[in-house]
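First comes the structure, then the notes that go with it.
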Amino acid sequence: MIKDSDRVVVRGLRDVAAAETRLSYVDVNGFLYYLGYNIDDLVERVTYAEVAYLLIHKQLPNQQQLDNFRTELRFAMKLPDPIVDSITRTPKHCHPMDVLRTEVSHLAEYDPENNDFSDSANMRRAIRLIAQVPTILATVHRSRLNQQVPEPKREFCFAQNFLYMFKGVVPDEAETNVIHRYMSLHADHGFNASTFAARVTASTNSDMYSAVTSAIGTLKGPLHGGASEKVMEMLDDINLEEEVEEYINGLLDDQKKIMGFGHRVYRAQDPRTKHLRGMLEDLSHRDRTLGLYRKCVKIEETVYGRKKIYPNVDFYAAVAMDALGVPKEFFTSFFAASRISGWVAHVIEQYEDGVLLRPASKYVGEFNRPFVPIENR
Ligand code: ACO
């Protein structure tokens, strides 16, 4: 047992390995692997459903397995009626992440396999969550427009159905390609803060809904998934490409952080950035997207020039979401609708590991303070 005075605090748990994982590897040199596959070999060649299958089953599906998985997901997209009612009653000003956090927790009350925590029940629960998180978001958005969520279509793949149900119109081919790539790129990322939060909760043998609720609350913060919404606010604030340098230099002179830049692990380019940039180039025939993209490139040059730091996944993702017609208050929740596959895969892996995640702290407070009765304080 280490003596309290000998404990070394690793601030922010930087570089501390809290457990082993086979799910994803974040390489500081700018590479990302899912179950051993370099994401550069997956993106544009697989659909998001294949990535989700890979994460929870630890292998890529064959065609028959993929067809079955898509059918399973499509049926699981239906929400219990009380969840739909609850969403439609939430105040319209509520942030979608607040509604998502509440309704994922609420889903536990309608779990058809209540109190069955076997491996097979947890796998079915994981699949339901991968399917239901997107439907919650579609229901939040469409109910605020006083419109119904359309039924998912049999001939659509999962990510395409999500976008269709969210927007209420059939996505075109370019939009479908973007949503697959976006969701695949956001599916997992080592022991990021929200995944770690999910694993801590799961490590107490708590249920999957509790673990995912912890993760959603953690993703919401602007230092994590909430950054893309802030990126869009910044892009809206900068009227013209010519104003970028002055705006960014002003923020840096005031010691402010530029949202969508920097990363705890990567010391090279975030490997997801080039794919996101590529997605935007595919959509550059749209005037608004091209204008935002040009501002982004200028911001990237200016920030790199001053701080030698690169954009992270949230930076170009903001413009990709905008190009898909997703309102900015939903950006973080689209991230959640993709990361859910990583979260549930990590929760299952944590159950398999079976160890309680409980670090020590280094006490720096006082001892033996004289107690003073309340009437004398
Ligand atoms: N803008 C300006 N400077 C930055 C930024 C930034 N976005 N990010 C890091 N730096 C600078 C810091 O000021 C610091 O400089 P210094 O050494 O001169 O003091 C140095 O880079 C190291 O930064 P830290 O904050 O110590 O890095 P840390 O690993 O703790 O933080 C984080 C990583 C939280 C992502 C940080 O870069 C940040 O706040 N970025 C902005 C928010 C953001 O985009 N979050 C999304 C991250 S990706 C994701 O979670 C999906």
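For this chain, numbers begin at 1 and follow the sequence in order. Each ligand, and each atom within it, is numbered from 1 in the order the structure gives. Computed over heavy atoms, backbone and side chain alike; hydrogens, waters and symmetry mates excluded. Since the structure is predicted, the reported quantities are computational estimates derived from the model, not experimental observations.
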Between Q64 and N68, do the side chains contain a donor N or O and an acceptor N or O under 3.5 Å apart?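 Yes, side-chain donor-acceptor contact under 3.5 Å.
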
Over 60° means perpendicular and under 30° means parallel, so tell me whether F31 and Y33 are parallel, tilted or perpendicular.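 Correct class here is tilted.
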
Look at the rings of Y293 and Y316 and say which category their plane angle falls in: under 30° parallel, 30 to 60° tilted, over 60° perpendicular.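 Geometry flag for Y316 against Y293: tilted rings.
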
With a 6.0 Å cut-off on the ring centroids, do Y310 and Y266 count as close?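 No, too far apart.
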
Contact residues of ligand 1, where a non-hydrogen atom lies under 4.0 Å away: R14, P222, L223, H224, A227, L252, K257, I258, M259, G260, F261, G262, H263, R264, K307, I309, N312, V313, D314, F335

Using the salt bridge (charged side-chain N to carboxylate O under 4.0 Å, His left out) criterion, which residues pair with E300? Sequence neighbours excluded. R277

Salt bridge or not between D322 and K328? Use side-chain N to carboxylate O under 4.0 Å.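 No, D322 and K328 are not salt-bridged.
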
